[in-house]
Novice: 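Sending over a structure as C-alpha cells; questions will come in a sec.
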2 protein chains.
Amino acid sequence: MKSAPVTIKDIAKALNISISTVSRALRGMPEIHPDTRSAVMRLAEEWDYQPNQLAKNLAKSRTKTIGVIVPNLSYYFFSAMLNSIEDAAIQAGYSVLVCQSNESYLRETMQIQNLLRSQVEGFILSLSRDTSNCAHVERLIQKNVPLVLFDRYADNMAASKVMVDNREAAFKATEHLIENGCRRIAFLAGPPQLVLSNQRLAGYRDALTKHGLYMGDQYVFHCDYTQENTLMQTLALMSLPQPPDGLLTVSDRIAYPAMYAMKQKGVRIPDDVAVVSFNNEPLSSLFSPSLTSISQPIQEMGMETVRLLLRQLEATDGPITPETTVMPTQLVVRESSLRMKSADFLNGVLSS
Amino acid sequence: MKSAPVTIKDIAKALNISISTVSRALRGMPEIHPDTRSAVMRLAEEWDYQPNQLAKNLAKSRTKTIGVIVPNLSYYFFSAMLNSIEDAAIQAGYSVLVCQSNESYLRETMQIQNLLRSQVEGFILSLSRDTSNCAHVERLIQKNVPLVLFDRYADNMAASKVMVDNREAAFKATEHLIENGCRRIAFLAGPPQLVLSNQRLAGYRDALTKHGLYMGDQYVFHCDYTQENTLMQTLALMSLPQPPDGLLTVSDRIAYPAMYAMKQKGVRIPDDVAVVSFNNEPLSSLFSPSLTSISQPIQEMGMETVRLLLRQLEATDGPITPETTVMPTQLVVRESSLRMKSADFLNGVLSS
DNA sequence: TTGTATGCGTTATCAA
DNA sequence: TTGATAACGCATACAA
C-alpha cells in the first residue's frame, strides 16, 4: 500500500509547463532557462521525485547494465571478484545485476534467460560446477551478445576469457612440494567437468613427471566442493596402503576440510603431509598450520574482465575477435608446506 | 554489436495478425484459437523471442521484485541469508535484486535510491556498519515502502524486523564460559553503533553480573571487523596486566583472527583462554581448536523475513503494523570452550 | 527556450 | 476469437 510515485507529468502539471521541459531540466540540458530549471528542481526535490528507470531504459533502448552470474557468492573468490567487477563497471557508467547459479546448470540457464529479458547488454559469467553442456552459452555467442567468461570457463568457445595459468600454477605448487621433500603427492581435484581442475591436474602431472615421481593417477581424488565429500575423500586418501606425504588441493575450500580430517587422524602437517592449495583466501593465513596457497590477482582480474566486456559493448563495427587474458599467479608459502627448517638440508635434497 | 531483439510486433507482422493477439497467445490466454496460438508459439520458439521485461513491468506498473541490501556478501551469514531469501521470494513469485553496501552508509543510501528507481516493490535490509543516521530508512517508512530489517537493525524504527535474541544468546554464551571455569571474560565487540553488538554486550554484562564477575568494561574492546584491527585488539587484550581467561567475540569473523593472534602469542585455547563466538559458520568446525559458536536459524530467518515483507506487499487496506520476529539461537559447543575434561570437576566448580 | 508528437515493447480496455 | 487504441514514464526529433 504505497501512494503512486511522482512522475515528470505531475511536475509538469503543477508548474504548468510541458513534460519535455521538465525532462530536459531534470537532465541538466543546457537550453533550459535558469528560472524554469530551478523551479523544476525545487519541486522535484520537495516531492522526492525518482525517475523511473524502467521507463528511462525503455525509452532509450539502453540499460547500461551488465549481468554477472557466478556459482556461489559465499566463496571468497567470487564475492571478491564481484566487488572488483562492480567497481570497474560503475566506473565505466554501467551497473551490475548479480545472480548465483548455485552450481546448477539448470539455474544457470534460467538466470541467463532472466537477465536477457531484463535487457542486460552483456554477460560476465563463471560456469557452474554442473555445467558440461554449453549450448546456453553458445547461443549467447551466436546472438553476438557481449560475453566474458572468467575462472570457470569451457574449452572451444569463441568467447573472451580471463583466467590464470592454472597448469603452470599447479606445476609450481607441486614442484614446491617436491622441493620440500614430498615424494608421494596427492591431488584433491574438483569435479572432472571443471576445466580449471583438469588444467591444474595437468600441471600436477607435469611436475611429477619432470621429477620422475609420476605413478599414474592413483593419488588423484575428485571432490564436489562440499565439506562432507571432502572429508570422505581425504580419509580415503589417507587409508591408501602407501598414504601420500604431500597434498595439492584445487581450492582452499577443499584444503580446509582436508587438513581437518588429517589432523583428526593424527597426521601432522606439514611433517607427515605437506599441503598446498589454490585461492589464498584471507582465512588461509589464520588456520593452523597456516595454509600455503596460490594467489590470484583478483582485483586485476575483475578489472580485466570488465575491460574485455567493454571492448565488445562499445564496438561499433561488427563483432570483435574474442580475447583471452591469462593472469599471473603467486605462490604464497606458509606453514602447511614448509617442512624443512634448514636451507642446507633443502639444497641437499634438491641436488640428490 | 548485436541485432535488435525480436518483439511481438515482429511476430505479429510475420503472421499477419495483431500484436494483441500475439501478446495473448504468448501469455496463454484461453480465448485464443489453438491454430493461432501454435503458429505464434512456433515462431517465438524459432526466433528465440524473449519478452522485454522492462516493457512488461512498465505496462503493468508492477515489477514483482524486491530489493535486498546487505553489508557484504563475503560474510557467510549474509550470503546464506541471501540464498534463503531468494528461495522464499521466488516461491512467492517475486524476484530479487541484490546489492552490497560494503559497510558504507553512503553506498547504502545510493543503493536504496537505485533500487527505488528500478521500481522494486519492497526492501529487505541489513544495515551497514557505518550506518548510525537512519534518515534514509525513515524516508522509506514514511513513503510506506514495504520494508523488513534483519540482523543489523536500528532501534526506534517503525519497521518489521527479524533477528535473534542477541542479549539472551550472549548471556547463554558467557554463562557457558563461566561454567567452564572462566573468571575474567573479555568481549571483542563490534563497532559501538551496531545495535546487535550492544545487545550482545548487555547479555555479556548480565551474565557476569549474575555471577558476581562484572568489573566494568575493562575487558570490552571494539573491533571494526577487519582482520588487522582484530589482531591488534586481541594483542592489546592479552597485554592487559590481568589478561582474560575467557573470550566472547561478536562474530566468528572476529574469533578467527583473535584465536590466531592468541596462538601466536603462545596462549593455549581453551586452557589459557576459552573462546565462544557468534554465527557458527561452517568453517568454525574446521579450525583448531574447533570454535564454539552461537548458531542462528538462517534458513528460517530468511523465510520469515520474506513472510513479513509479503504481508506488507500484499496488504490491500492501508499500511500494516510493523511486526518483529525474534528467532531462537543455539549454542554449539566445540573444543574452543570445553576446558574441563571431567564432569565431576565441572560440577565441583559450579557448586563451589 | 519551450511545446508537440512519436516511439520504446508490453498490457489492457474496448469494440467488432 | 480478434483488432484498434490508449496507457505505462520517459526521451527526443522537429516545430514553434
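Atoms considered below: every heavy atom in the structure, side chains included; atoms not considered: hydrogens, waters and symmetry mates.
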Novice: Once side chain to side chain contact (heavy atoms under 4.5 Å, CB included) is applied, do any residues pair with Ala39(B), and if so which ones, sequence neighbours excluded?
Specialist: Leu15(B)
Novice: With a 4.0 Å heavy-atom cut-off, tell me which residues in residues 56-66 of chain A come close to DNA chain D, sorted by residue number.
Specialist: Lys56(A), Ala59(A), Lys60(A)
Novice: Identify the 5'-most and 3'-most nucleotides of DNA chain C with at least one atom closer than 4.0 Å to a non-hydrogen atom of chain A.
Specialist: dT1(C) to dG9(C)
Novice: List in chain and number order the residues that pass ring-ring contact (aromatic ring centres under 6.0 Å, His included) with Tyr49(B), two or more places apart in sequence or in another chain; answer none if no residue qualifies.
Specialist: none
Novice: Output yes when a side-chain donor or acceptor of Asn133(A) lies under 3.5 Å from a complementary backbone atom of Ala135(A), and no otherwise.
Specialist: yes
Novice: Name the residue from Leu308(B), Thr305(B), Leu149(B) that meets the side-chain contact (heavy atoms from CB on, under 4.5 Å) definition with Ile124(B).
Specialist: Thr305(B)
Novice: Quick one: on DNA chain D, does Gln53(A) or Asn16(B) contact a more 5' nucleotide (nearest heavy atom)?
Specialist: Asn16(B)
Novice: Take the C1' atoms of the five end pairs on each side of the helix from dT1(C)-dA16(D) to dA16(C)-dT1(D), get both axes, and report the angle to 10 degrees.
Specialist: 40°
Novice: For Tyr225(B), enumerate each residue passing the ring-ring contact (aromatic ring centres under 6.0 Å, His included) test, keeping only those at least two apart in sequence or located in another chain.
Specialist: none
Novice: How about Glu45(A): does its CD atom have over 12 heavy atoms from other parts shown lying under 6.0 Å from it?
Specialist: no
Novice: Residues of residues 33-50 of chain B with any non-hydrogen atom less than 4.0 angstrom from an atom of DNA chain C: list those, numerically ordered, please.
Specialist: Tyr49(B), Gln50(B)
Novice: For Ile17(B), report the nucleic acid contact type (base, sugar-phosphate, nothing); a contact means any heavy atom under 4.0 Å.
Specialist: sugar-phosphate
Novice: For Pro30(A) and Ser23(B), find the nucleotide of DNA chain C closest to each by heavy atoms; which residue's nucleotide sits nearer the 5' end?
Specialist: Pro30(A)
Novice: Contact list please: residues 6-15 of chain A against DNA chain C, heavy atoms, distance less than 4.0 Å, in numerical order.
Specialist: none
Novice: Taking everything shown except Met303(A) itself, do over 12 heavy atoms lie less than 6.0 Å from its CE?
Specialist: no
Novice: Does Pro71(B) offer a backbone N or O that forms a donor-acceptor pair with the side chain of Ser128(B) under 3.5 Å?
Specialist: no
Novice: Does atom CD of Glu31(B) have more than 12 heavy-atom neighbours, drawn from other residues, nucleotides or ligands, at distances under 6.0 Å?
Specialist: yes
Novice: I'd like the 5' and 3' limits of the part of DNA chain D contacted by chain B, with heavy-atom contacts below 4.0 Å.
Specialist: dT1(D) to dG9(D)
Novice: Backbone N or O of Ile19(B) within a donor-acceptor pair of the Ser23(B) side chain at under 3.5 Å?
Specialist: no
Novice: Is it the case that more than 12 heavy atoms not belonging to Met327(B) sit under 6.0 Å from its CE atom?
Specialist: yes
Novice: Do the side chain of Thr63(A) and the main chain of Asn57(A) share a donor and acceptor less than 3.5 angstrom apart?
Specialist: no
Novice: Run the side-chain hydrogen bond (donor to acceptor under 3.5 Å, both in side chains) test against Gln100(A) and tell me which residues pass, sequence neighbours left out.
Specialist: Asn83(B)
Novice: Could you tell me which non-hydrogen atom of Gly122(B) sits nearest to which non-hydrogen atom of Val145(B), and how far apart they are?
Specialist: CA-CG1, 4.4 Å
Novice: With nearest nucleotides of DNA chain C determined for Glu31(A) and Ala55(A) from heavy-atom distances, which residue corresponds to the more 5′ nucleotide?
Specialist: Glu31(A)
Novice: Which residues pass the salt bridge (charged side-chain N to carboxylate O under 4.0 Å, His left out) test with Arg117(A), not counting sequence neighbours?
Specialist: none
Novice: Could you tell me whether a side-chain N or O of Glu103(A) sits under 3.5 Å from a main-chain N or O of Arg129(A), the two making a donor and an acceptor?
Specialist: yes
Novice: Within the side chain of Asn72(A), is there an N or O that forms a donor-acceptor pair under 3.5 Å with the backbone of Ser74(A)?
Specialist: yes
Novice: Return the set of residues passing side chain to side chain contact (heavy atoms under 4.5 Å, CB included) with Ala59(B) (not counting sequence neighbours), or none when no residue passes.
Specialist: none
